[in-house]
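Values below: every heavy atom of this structure, side chains too, minus hydrogens, waters and symmetry copies.
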Number of protein chains: 2
Amino acid sequence: MRTKGLRVTNPRRDILRIAWSSPEHFTADEMYVWVLEDDADASRATVYRTLALLAQADFLATMNDGKGTVLYEKQLSSDDHHDHMICVACRKIIEFVSHDIERIQDEVAARHSFKLQNHTLRLEGLCVDCK
Amino acid sequence: MRTKGLRVTNPRRDILRIAWSSPEHFTADEMYVWVLEDDADASRATVYRTLALLAQADFLATMNDGKGTVLYEKQLSSDDHHDHMICVACRKIIEFVSHDIERIQDEVAARHSFKLQNHTLRLEGLCVDCK
DNA sequence: ATCCTTGCAAAGCTTTTGCAGGAGA
DNA sequence: TCTCCTGCAAAAGCTTTGCAAGGAT
């Protein structure tokens with residue numbers, strides 16, 4: 001964090017630790033609840049500010065659920081990209097990686113002279129348990 | 001609409017007409033502004049309720065912008081699926097279709113025994129004008 | 001006649017912001 | 001010391017909802 005010019009503070013340490021120890025995708029408000037449960041040190045405003053900051057600094061990734069809420073998740077390295085399948089019945093999230101899709105995305109972008117920085121792919125449907 | 005058990009009312013007619021005549025993606029609130037400019041007949045609450053309804057009935061499609069806001073767009077037929085590139089600088093939206101990507105998605109879903117119903121793919125980056 | 005829709009206004013949520021005090025480098 | 005960061009509380013959006021009146025079938 002220091003290499004990115006960000007100060008290391010208790011709220012930032014706590015939030016990053018909780019985010020990294022969570023296997024799940026979470027909203028800002030869920031993180032705030034975890035912070036409270038953990039007796040950690042951050043107000044609601046700071047949680048919102050810090051998550052946005054950590055996402056911008058590439059410590060967290062963001063995605064949308066189907067309905068417009070921003071979800072955060074830990075990002076272990078900046079190459080750690082994966083996509084999501086979401087079960088519309090139980091809301092379970094399955095992660096997957098497809099290099100083929102990424103390759104085609106690059107081709108599509110190139111065809112439009114578009115400089116690709118990021119992508120989000122979400123597949124919705126029924127998981128094996130809910131079918 | 002009647003075939004789907006929905007009543008045909010002035011607000012619904014007006015909103016659908018405006019949505020169909022718009023080339024753009026829009027938020028519920030933008031639609032409300034258009035309704036006012038058009039001297040059309042719908043309150044803000046009705047715009048929200050109607051857009052959700054029309055999307056559910058497959059007259060409109062939904063997508064997210066990068067930051068969690070739901071955007072609507074007209075859906076000419078239920079096969080009319082396309083994906084989006086969004087320029088992070090000027091927010092321009094470029095639509096594209098890739099059957100290759102759709103095919104690979106089907107394969108990925110099948111590999112996880114996932115019954116695919118819908119998908120969203122958003123590419124973010126810089127468009128040709130902003131590069 | 002029945003019951004679905006609407007408008008209004010209020011409430012509900014989530015997220016952002018101004019400002020003064022406090023902490024990191 | 002000099003900024004940057006935080007907490008608080010208020011505000012700012014955006015979206016939903018209860019209820020009574022009105023409209024579609």
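- Note on Asp129(B) versus Lys92(B): salt bridge recorded, some NZ/NE/NH1/NH2 to OD/OE distance being below 4.0 Å.
- As a whole-Å value, the separation of Phe26(B) CZ from dC14(D) C1' is 17 Å.
- The base of dC4(D) lies close enough to the side chain of Arg7(A) for a donor and an acceptor atom to sit less than 3.5 Å apart.
- With a 4.5 Å cut-off on side-chain heavy atoms, Leu123(B) and Asp83(B) do not count as touching.
- When side chains are defined from C-beta on, Asp100(B) does not count as touching Glu107(A), because their heavy atoms never get closer than 4.5 Å.
- Nearest approach of Lys74(B) to Leu60(B), heavy atoms of both residues: CA-CD2, 3.7 Å.
- If you measure from atom CG of Leu71(B) to atom P of dT15(D), you get 10 Å, rounded to the nearest angstrom.
- For the pair Ala52(A) and Arg2(A), nearest-nucleotide mapping onto DNA chain C gives the more 5' position to Ala52(A).
- For DNA chain D, the neighbouring residues in residues 28-50 of chain A, judged by any heavy atom under 4.0 Å, are Asp41(A), Ala42(A), Ser43(A), Ala45(A), Thr46(A), Arg49(A).
- A straight line from CG of Leu6(A) to P of dT3(D) spans 18 Å, rounded to a whole angstrom.
- If you check dT6(D), dG7(C), dT25(D) against the side chain of Arg12(A), the one that comes closest is dT6(D).
- What you find for Ala19(A) and Phe26(A) is that their closest heavy atoms are CB-CZ, 3.8 Å.
- Across all non-hydrogen atoms, the minimal contact from Ala42(B) to Val35(B) is O-CG1, 3.8 Å.
- Between Thr9(B) and the phosphate of dT6(C), there is a side-chain N or O to OP1/OP2 separation shorter than 4.0 Å.
- Between Met1(B) atom CE and dT5(C) atom C1' the separation is 11 Å, expressed in whole Å.
- Asn10(A) has its CG atom 11 Å from the C1' atom of dT6(D), to the nearest Å.
- A straight line from NZ of Lys4(A) to P of dC5(D) spans 15 Å, rounded to a whole angstrom.
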